[in-house]
Asks: 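Just passing along the structure, written as structure tokens.
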Amino acid sequence: MTAEDQKAFEDEIYAFVGREVCPPTPARDDVNNAMIRQWTEIIGDTNPAYTDAAWAAGSARGKTIAPPAMMYVWGQEGFKVTTGRPADAQADLVNLFNKHGYTGVLGTNVRQEYFREVSPGDNVVMTMTIDNISERKTTGRGPGYFFETLATFTNQHGEKIGTQRFKVLKFIPQEQPATAASEQALKVPTRIASVRGHDNGWWWNAVDDGKVLIQRCKDCQTLRHPPRPMCGHCQSMEWDSIESTLDGEVLSYTCVRYPAVPGYPKDPICAVIGLGEGTNLVANVVGCEYSDVFIGMKVKGKVERVDEKTILPQFYPL
Amino acid sequence: MVANVKDKAVIVGVGNTKFSKDSGVSELSLAAQAVKAALDDAGLKPTDLDGFATFTMDANDEIEVARTLGCGDLTFWGRSHYGGGAATGSLHQAVMAVSTGMAECVAVFRALNGRSGHRFSAGVSEGVMTADIIHWGWYMPYGLLTPASWVAMFTQRWMHLTGVTKDALFEVAHTTRNYAVNNPNAFFYQRPFDRAEYDAARMICDPLQLFDCCQESDGASCVIVTTPERARDLRQPGVSVRGVAQAAAPDQEQMTSFYRKEFAAIPEMEIAAKNCYAMSGLKADDIDAAVIYDAFSPIVLWQMEAWGFCGFGESGDFVLDGAMRPDGRLPTNTHGGQLSEAYIHGVNGIVEATKLVRGTSLNQPNKTVNNALVTSGVGIPTGGAILGKMH
Ligand SMILES: [Zn+2]
């Protein structure tokens, strides 16, 4: 593609930004108990606010509500899509990408925001537009563009209940030898493991069993971390350990943005956590945005599997 | 020339661990046990030690042994190379240190699992388990993998405690760049940046952005050191080492001293400063210019505090008053630093400090610099030196 062709193509795709994919469309079925029950069973959500009418009658709301994450469910076409979708701006955009070789498609992320609850009997109305299209990016899958749709949901009174952003990568698939592709599929990178020796192996083994231990001097009871073979206070070689409750406070933190390392989440938040027991521990803070973290923030740790080979303590905001 | 160490160092204690084919413990445990046994023999405590001497081949970092034993300040560690040839070589290091006053009480040790662990007969075919590898294991699984990430952790907390803002970090990076702009040998010669470009640059590890981080460079730097007698006969005016010190402080780790009561601090650099001043008989007021190790912009600020140019938390105001600039109180990193000249592990800084004293620094023409400071890296066991005009 020449620079002129590229420019013409981009002018054509960027003209889609702001276009309506779907005008305000009421769901064919109102919010109903049957759908809520099936959805929560599949998801495994046992919150009585969704399905237990007797419990809900005694709650502050006085009635059951639909799980907010179901917002997008109500307007789904259902079985009809197997016979084809009606043309809309999104379909036109996808066709345009396909025509220029950007035939690969990958849904990269979904982000929902909730403003108001709905209950059985309400009707959810969806509106959707093409919100933005990125510049041309080089990705691991091949060169491509990210486009994002913005769906807005209201109830039958026109009150906004939530929004959903859905980001899709349209890319030119890179040809790879079949064997290389299958090998790549098998090798999912994992985090760099900690080497286990005499003085620290027992600590990591306990993490594998779901516990964070703190070494304690048997003679003077001083706690120490990272583990060492001798007590720095009384020089005793005798030690045992206690299990941390993982109640902690952020003493400092950073977001490691660059360079990205294979096997690690993007932009991990790393922190020095002051544990309630008095020793410090370095670990990730998860379950919140970087901008939510501050020095002095109270956190609670959980030992969790983070990839195929790695189990780590992770800390969540309280 | 006659060595002046006669009778100035004495062996006062000895200790062994059990000898076996399979110790069942780490090499670090063996080192700690042997040092403790020798201290007991001498009637001394771990806090009486201020130095270590061992083999380069020994797998136990001195600061690991020190933390294990519960030592206090360290002012000396020396290693001798070449395998078994280091046996009396390690003692030689200790004698030099004690006779010159670099340390008062030095433990000479060597610890190895030479049979159950890495066997010399295995050559290099086996992996070696060192305290250093275990050390990095506390950080690697979380993604805390780079110098920027470790320094960011200190920076975030230090800024929180002091209220120093990115204005001060910008001032360090910007002033340093402006020196490089005038230095034809600098990577960023004639390439200035402004505040908008600084603010727009890529975030590396919050709060460190691109221009807060040094470069990676190919290159080399060298200084030749000789005796004052010899120096008088040479072409250039002599630059004397007025004072030089190394230091590690309690609970020192490599780049991750996160377990101290207050870790937004560099006590090791304060020790180096104190000892350099004591050695040279000089004080902060006597220093006319400085080359302060700048792998990252904030570490320049901490070192200004450690060397007493201002108090804790005052370095932001100190530089914002223009102290680092060509006509400021303390022209600093006048070559463009490692941020903007080149990253030659601080040796290019020694070259620049020498030029400052000679009066040949490009950015300090016609200045009389009686004494210049040059420092080592931060977050690790570190040191510094004061250079001055040879009398
Ligand atoms: Zn103890």
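The model shown is predicted, which means the values in this text are computed figures rather than measured ones. By convention in this document, chain letters (A, B, ...) are assigned in the order of the sequence lines, proteins followed by strands, and residues within each chain are numbered from 1.
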Asks: Any chance you could measure L251(A), atom CG, to Q156(B), atom CD, to the nearest 0.5 Å?
Replies: 12.5 Å
Asks: Please look at R260(B) and chain A and tell me whether the side chain, the backbone, both or neither of the residue comes under 4.5 angstrom of a heavy atom of that chain.
Replies: backbone
Asks: For T146(B), is it the side chain, the backbone, both, or neither that has a heavy atom closer than 4.5 Å to a heavy atom of chain A?
Replies: side chain
Asks: Can you see whether Y142(B) has R191(A) sitting over its ring - NZ or CZ less than 6.0 Å from the centre and within 45° of the normal?
Replies: no
Asks: Need one label for P265(A): side chain, backbone, both or neither, based on atoms under 4.5 Å from any heavy atom in chain B.
Replies: neither
Asks: Given heavy-atom pairs under 4.5 angstrom as the criterion, report whether the side chain, backbone, both or neither of F294(A) touches chain B.
Replies: neither
Asks: Which heavy atom of N280(A) sits nearest to which heavy atom of Y259(B), and what is that distance?
Replies: O-CE2, 3.3 Å
Asks: Looking at T254(A), D267(A), L281(A), which makes the most heavy-atom pairs under 4.5 Å with chain B?
Replies: T254(A)
Asks: Applying side-chain contact (heavy atoms from CB on, under 4.5 Å), run through Y258(A) and C205(B) and close with a yes or a no.
Replies: CA-CA 7 Å; Y258(A) 185 86; C205(B) 292; over 6 Å; no
Asks: Which region of E253(B), side chain (C-beta onward) or backbone (N, CA, C, O), has a non-hydrogen atom less than 4.5 Å from a non-hydrogen atom of chain A, or is it both or neither?
Replies: side chain
Asks: Which residue, V282(A), L312(A), V306(A), forms the side chain to side chain contact (heavy atoms under 4.5 Å, CB included) with P141(B)?
Replies: L312(A)
Asks: Working to the nearest 0.5 angstrom, can you tell me the gap between M230(A) CE and L28(B) CG?
Replies: 9.0 Å
Asks: With a 4.5 angstrom heavy-atom cut-off, could you sort out which part of L208(B) is near chain A: side chain, backbone, both or neither?
Replies: neither
Asks: Considering only heavy atoms and a distance below 4.5 Å, find which of D199(A), T190(A), T310(A) pairs most often with chain B.
Replies: D199(A)
Asks: For V261(A), which atoms come within 4.5 Å of any heavy atom of chain B: side chain, backbone, both, or neither?
Replies: side chain
Asks: Would I192(A) and L145(B) satisfy side-chain contact (heavy atoms from CB on, under 4.5 Å), going step by step from the backbone distance to the final call?
Replies: CA-CA 10 Å; I192(A) 301 170; L145(B) 295 163; 4.0 Å; yes
Asks: What are the two closest non-hydrogen atoms of W138(B) and H225(A), and how far apart are they?
Replies: CZ3-CE1, 3.7 Å
Asks: If I measure from the heavy atoms of chain B, does Y264(A) come under 4.5 Å with its side chain, its backbone, both, or neither?
Replies: side chain
Asks: Please report the interatomic distance OH(Y139(B)) to OG(S194(A)), rounded to the nearest 0.5 Å.
Replies: 10.0 Å
Asks: Please look at C231(A) and chain B and tell me whether the side chain, the backbone, both or neither of the residue comes under 4.5 angstrom of a heavy atom of that chain.
Replies: backbone
Asks: Heavy-atom cut-off 4.5 Å, strictly under: side chain, backbone, both or neither for A193(A) against chain B?
Replies: backbone
Asks: Between S29(B) and M237(A), is the side-chain contact (heavy atoms from CB on, under 4.5 Å) condition met? List the steps.
Replies: CA-CA 9 Å; S29(B) 178; M237(A) 306 283 295; 3.4 Å; yes
Asks: Check whether any side-chain heavy atom of C270(A) sits under 4.5 Å from a side-chain heavy atom of M153(B), and report yes or no.
Replies: yes
